[in-house]
2 protein chains.
Amino acid sequence: MSLVRPSLSSDGMKRTFSERREFMTEDMPASMHFHVVAGGARLFKSLPDGRRQIIGFAHKGDVLPAYPCTRYHYSAEAMRTLQVVCVPAPYLSHLHETSPGACAASLNSARQLLVSLHNRLLMLGRQTARERLATFLLGQGTRMGSGELWPVDPAISRADMADFLGLTTETVSRLLSAFHREQLISRERRAIHILDPDRLRAIVAHPE
Amino acid sequence: MSLVRPSLSSDGMKRTFSERREFMTEDMPASMHFHVVAGGARLFKSLPDGRRQIIGFAHKGDVLPAYPCTRYHYSAEAMRTLQVVCVPAPYLSHLHETSPGACAASLNSARQLLVSLHNRLLMLGRQTARERLATFLLGQGTRMGSGELWPVDPAISRADMADFLGLTTETVSRLLSAFHREQLISRERRAIHILDPDRLRAIVAHPE
DNA sequence: CGCAGTCTTGAAAGCTGTCAATGCAAGTGG
DNA sequence: CCACTTGCATTGACAGCTTTCAAGACTGCG
C-alpha cells in the first residue's frame, strides 16, 4: 500500500523503535509521515477511560500519513522492532502539488482504505462476535489474494483482536476455542491456522 | 460526505430521483459519480439477511464517488426528492491525471472522510448506546462549526439513526425518551432540538 | 525455579435486542 | 367529514449475547 517511494536517498530520517514503543500519539503535532520499512505497528484510537479501538495494522511498505491537521488523529505502537523512514509532511504535500502521478497514487490508496473502512463499519455495527472473528481470521489468513492460507501474525494478541473487533479478550478467547472445537482452526502456541476457510465464510454470511 | 466540487458547467447529466428511490446499489457497475445538487441521500451497506449499516448521509454539494472498482461498494437512497449531476467516472479520473489541483482536492476530501470514519470505528466498537446517540445528536446539531444549534434533519427516521449507530429503533427511541426526560433535548413532531449541548458532551466523555 | 504477563474458562450481571402491543399522524376513499 | 388504512414511534416484558468479575493454566524469561 506504499503511497510514494520517498526518494530521500539519505537515511538520516530512518528511525527504529523497539517493541511496544508508542511512536505516534494523538497529542503529537503531525509533522511527519512514517513509512514502514520493517516490522509492524498497531494503529488505534482511545477513549479517556482507556477503551481502545484498533483502526488497523501497518506492515512493511505502508505509510502512516500525517493528515493536514495540527495533530495526528490516531496513535501507533510498534508490535515488534520497527523501522520507519520519516518523511516531512511538507515534502509529500509539495510532491502532491507538483506531480499528478504521486497525488493520484495517494488518492487511490486513500480510496482503498475508505472501502475497507466502510466494510468495517458494517462489521462493527451489525455483525455478531462470531461473524466478526470469522471475518477477521479470513482477512488475516487469506490476504495476498492467493489461495494460500497464512497463519495469523503471532504478534497480534487476543487483546489486539478484541480491540480490533470491538469485543473483549474473553469473548475472543471463547470464540477461538469454539472454532477450534469445530475444527475450523488450529492453535499451536500463539499461531492460528485456518483449517476450513469455506465454513468460516459460511459463518460470515449465515449467522446460525 | 465527499467534498469535491467539479465545476461541470453542462447540466445535461442532471437527474432527479423521488423519495426512497435507491439510485445506486452494490450490484451496479460503477460508471458514474453522483454530485448532489439538492435533497439528501442515505448511504448504506447491507448484509444478505437484511441487516443494514448506514455509512453516512449525503447533502447538497457532496459527491458520491465511484471508486475504481467494477461495482459500487455501497448503496444510496434518496431521503427526499433528490437532484444529482451524473459525472462519468472517466471524466473525473482524467481531470485527476491532468490537474494536480483537482486531484489534491479529492485527496483532501478523502482524507477528511478517513478521519471521520476512524472516529466512527471507535464509536461503533467501543461506545455504549447512550454515548453513540449523544455523539450523533451533537454531530447533527452543531454542524457548520458555529455555536448555532440545528435541529436534526426530520428526514432521518429512527430506523436511520439506529442503522447509523449500530442499534435498533427501539433502543434509539428509548434513549431519546430518556434524553427528553433529562431535559437534554426537546421533541416536537419528528424534529429534535438540542437543549443542553454541554451535558450531551459530558455523556460522550463520561459514561456514567 | 519462580515471576509476570497472557490466555483460558466459569458464573453471574447487564446492556441491548427481540417480540409484541399501543399510540399517533397523515393519507385515502366513501 | 368520518371510518379505515398505513407507516412510524413509543413502551413494556423478556430473552440472549456479551461483558464483567474471578480464578487458574500456560508460556516466556530472568
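A salt bridge links B:Arg42 to B:Glu77: at least one charged side-chain nitrogen sits closer than 4.0 Å to a carboxylate oxygen. Under the 4.0 Å criterion applied to side-chain N and carboxylate O atoms, B:Glu131 and A:Arg51 are assigned as salt-bridge partners.
A:Thr169 comes within contact range of no nucleotide atom at all, as no heavy-atom separation falls under 4.0 Å. Across all strands shown, B:Leu167 has heavy atoms under 4.0 Å from sugar-phosphate atoms exclusively, and none from any base. A:Arg187 comes within contact range of the sugar-phosphate backbone alone, with a heavy-atom separation under 4.0 Å but no base atom that close. Here A:Arg20 lies in heavy-atom contact (under 4.0 Å) with sugar-phosphate atoms only. Note on A:Arg190: only backbone sugar-phosphate atoms sit closer than 4.0 angstrom, heavy atoms only; bases stay farther off. Note on B:Ser173: a base of the nucleic acid sits closer than 4.0 angstrom, heavy atoms only. Contact annotation for B:Ser177: backbone-only contact, meaning every heavy-atom pair under 4.0 Å involves sugar-phosphate atoms and none involves a base.
Side chain of A:Thr128, nearest nucleotide from D:dT18, C:dT18, C:dT16: D:dT18. With C:dT16, D:dT19, D:dC21 as the choices, the nucleotide that has an atom nearest any side-chain atom of A:Glu170 turns out to be D:dC21.
Between A:Gln127 atom CD and D:dT18 atom P the separation is 11 Å, expressed in whole Å. The distance from atom CD of B:Glu188 to atom P of C:dC24 is 17 Å, rounded to the nearest whole Å. The CD1-C1' distance, from A:Ile203 to D:dC17, rounds to 16 Å in whole Å. In this structure, A:Leu175 atom CG and C:dC7 atom P are separated by 15 Å, rounded to whole Å. Taking atom CZ of A:Phe179 as the reference point, atom C1' of C:dT8 lies 16 Å away to the nearest angstrom. Atom-to-atom, CZ of B:Arg174 to P of D:dA13 comes out at 11 Å; the value is rounded to the nearest Å. Atom pair A:Leu124:CG and D:dT18:C1' shows a separation of 15 Å (rounding to whole Å applied). Whole-Å rounding puts the B:Leu176 CG to C:dG23 P distance at 21 Å.
Counting only heavy atoms from C-beta outward, the side chains of B:Pro29 and B:Arg71 approach each other to under 4.5 Å. Contact check for B:Tyr67 versus B:His73: side-chain heavy atoms found under the 4.5 Å cut-off.
A:Arg190 places no side-chain N or O within donor-acceptor distance of the main-chain N or O of A:Asp153, the cut-off being under 3.5 Å.
Remark on DNA chain C: of its neighbouring residues A:Ile156 and A:Arg126, the 5'-side contact belongs to A:Ile156, judged by nearest-heavy-atom nucleotide.
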ask   = Could you write nucleotides 25-30 of chain D as a row of B, S and -, 5' to 3', where a protein heavy atom under 4.0 Å of any base atom gives B, of only sugar-phosphate atoms gives S, and otherwise -?
value = ---S--
request  = With side chain to side chain contact (heavy atoms under 4.5 Å, CB included) as the test, would you mind laying out the steps for B:Ile194 and B:Leu184 before giving the verdict?
outcome  = CA-CA 6 Å; B:Ile194 294 182; B:Leu184 298 170; over 6 Å; no
ask   = A:Ile156 and A:Phe164: side chain to side chain contact (heavy atoms under 4.5 Å, CB included), yes or no, with the steps?
value = CA-CA 10 Å; A:Ile156 298 178; A:Phe164 185 85; over 6 Å; no
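The shortest distance between the side-chain N/O atoms of A:Arg158 and the OP1/OP2 oxygens of C:dT8 is below 4.0 Å.
Within a 6.0 Å sphere centred on CZ of B:Arg199, other residues, nucleotides and ligands contribute more than 12 heavy atoms.
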